[in-house]
2 protein chains.
Amino acid sequence: MTSKADLLNRLKEEILTLTLKPGTILSETAMSERFRMSRTPLRDVLKQLAHEGYIHVYPKRGNLVSAIDLESVEQIIYLRSTLEKDILKELASRSAPLPIRGMLELRQIVGQQEESVRREAGHEDFLRLDDAFHKALFALAGRVFLWDLIQQSNVHYARYRRLHLLQKEKLEEIIGEHRLILDLLENRDTGQIDEIVRHHLREDIHAADLRGNFAEYLNLPRLGESEDPGIRTDAEESGGQG
Amino acid sequence: MTSKADLLNRLKEEILTLTLKPGTILSETAMSERFRMSRTPLRDVLKQLAHEGYIHVYPKRGNLVSAIDLESVEQIIYLRSTLEKDILKELASRSAPLPIRGMLELRQIVGQQEESVRREAGHEDFLRLDDAFHKALFALAGRVFLWDLIQQSNVHYARYRRLHLLQKEKLEEIIGEHRLILDLLENRDTGQIDEIVRHHLREDIHAADLRGNFAEYLNLPRLGESEDPGIRTDAEESGGQG
DNA sequence: GTCGAGAGCCTTGTATACAAGATTAGCTAT
DNA sequence: ATAGCTAATCTTGTATACAAGGCTCTCGAC
């Protein structure tokens, strides 16, 4: 009943939203029963998840949802930060006027973010709009390709954001920064872009904050190195349909 | 006899070096016979190739070595250019002295490049050293992670470089720019970095040059859209062992 | 001659049996 | 009681039979 693509997206979402916690076992046989699918297509799905860093395959032992790799988080933040600075400065220093439709869309997204906060629509809704905002910026500069590329490599960063948001509710600050970015663009002000982007994407992350509260999500002890991986079974918590 | 990992690397190399030309059919059954391997592990290999853009899978029809996507080339060049500018400027404006070992390694690589050109060791050797140089720059800034990330997405760019090199032999110019980059670093001169990197990575590519001579490698007509894909069989040209 | 239906052959997609490595539990010898 | 070996039972890895969809070539109707 569940198609391969559906299952892939579903697992991705559950891992990204931390519904499936790092360290959870994803056994081929168990899943093939649960999703009424033979092991072959299921292995395709797991292969892809492994390739994109969602899970870690321990040969002949099992597949575990990967731990959040803080090194990867830091690198991706730097990547995004560098790119967005350059993109914004390029946009702000264009001689041609900025596309009206694009800027309008950006303003609308910021409006929706305010709406989302006011309605208390939850973190996932806010994050979705936040992604939409930044993707629209990339689009404005003709760089959606690179946005998508980063998205393929952001498993760890995406989960980091969830944990980070859980700690500090700075949603209004984020919205304010979005608005400021748009103002800078329209005023053709390139002077403050570096500073704003750096702060907005929080290059100055401090892993220590997370280590205290979410240690079990981070840097899982490696399997096969005289250290117990802390395996916990998946059970039925993610709502199979069998 | 051939292991899965070996086959994967081999196919990657043959595709990157254009030994396997865009449009070449990689049939599962044919390859399984040729490499004495059952279809299951072979499909794993093809899956990964597809995921990284080396081949294009037409469901129920076949797997073709992908055409060189010039859009992807342009985007990756921009990505590399932006990152390398930032990395170099960061390195050049550090208060701490640059690591002696790292700078020595970079000088050595440039020396090897001269040696390679003098010995006429061929394009592949030169490209290998060129990659080594730029990777070493990323390493100096603690950004090897991002270098590797880009490498995973550079199928089209890597092949573009081969075609480009075939046209213009500017090897000495490239070496000179490498040397200039190192000089700028040691002199802490951030002023010329933007210009040098932009020119070095040739952001100003002109696809037209390639379209004339290598049209058959680019933008293959899409299969299944009333257009013949121009399929040519793989035959035995890549040296099977069966 | 031209168009269309259909069979055969091609491809990839799926299911499942079997192989092989890894861990663990238990039994035996000391 | 404990150390060590063995066997059972997990896991993923592989081989292969079968299913299903797409293309082409042929044959037939018009």
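In this text the structure is predicted, and so the values were computed from the model without any measurement. Below, chain A is the first sequence line, B the second, and so on; all start at residue 1.
Checking the phosphate oxygens (OP1, OP2) of C:dT23, a side-chain nitrogen or oxygen of A:R61 falls inside 4.0 Å. At D:dC23, none of the side-chain N or O atoms of B:K60 fall inside 4.0 Å of OP1 or OP2 (strictly under the cut-off). Checking the phosphate oxygens (OP1, OP2) of D:dT11, a side-chain nitrogen or oxygen of A:T29 falls inside 4.0 Å. Considering only side-chain N and O atoms, A:R39 lies nowhere under 4.0 angstrom from the phosphate OP1 or OP2 of C:dA15. Remark: A:N63 is in phosphate contact with D:dT12, judged by side-chain N or O atoms under 4.0 Å from OP1 or OP2.
Judged by a 6.0 Å distance limit and a 45° cone about the ring axis, B:R162 is not positioned over the six-membered ring of B:Y160.
In this structure, A:I25 places its CD1 atom 13 Å from P of D:dC10, rounding to the nearest Å. Atom CZ in B:F35 sits about 14 Å away from atom P in D:dA15, given to the nearest Å. One can place CG of B:L64 at 10 Å from P of C:dT12, the figure rounded to the nearest angstrom. In this entry the distance linking NE2 of A:H56 with P of D:dT11 reads 18 Å, nearest Å. Rounded to a whole Å, the CD atom of A:E28 is 15 Å from the C1' atom of C:dT14. Protein atom CG of B:L42 is 13 Å distant from nucleotide atom P of C:dT11, rounded to whole Å. At whole-Å resolution of the value, NZ in B:K47 and C1' in D:dT14 are 18 Å apart. Distance, A:M37 CE to C:dT16 P: 13 Å, rounded to whole Å.
Side-chain atoms of B:Q108 and B:Q112 form no donor-acceptor pair, as typed in the model, at a separation below 3.5 Å.
Closest to the side chain of B:S27, from the set C:dT11, C:dA15, D:dT12, is C:dT11. For A:S38, taking side-chain heavy atoms from C-beta onward, the closest of the listed nucleotides C:dG21, D:dA15, C:dT16 is C:dT16.
The environment of A:E13 atom CD is sparse: at most 12 non-hydrogen atoms of other residues, nucleotides or ligands sit within 6.0 angstrom.
When each of A:P59 and B:L46 is assigned the nucleotide of DNA chain C with its nearest heavy atom, B:L46 is the one assigned upstream, toward the 5' end.
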Quiz item: Using Watson-Crick and G-U wobble pairs with both distances under 3.5 Å, what is the 5'-to-3' dot-bracket string of DNA chain C, with [ ] for crossing pairs and | for pairs outside the strand?
Solution: ||||||||||||||||||||||||||||||

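Annotation: B:H134 is in aromatic contact with B:H200 [ring centroid separation under 6.0 Å].
Put simply, the side chain of A:S66 gets close to the backbone of A:G53: a donor and an acceptor are under 3.5 Å apart.
Checked against A:R159 for a side chain to side chain contact (heavy atoms under 4.5 Å, CB included), the options A:D69, A:L18, A:T17 give a single hit: A:L18.
Going from atom NZ of A:K21 over to atom CZ of A:F214 covers 11.0 Å, rounded to the nearest 0.5 Å.
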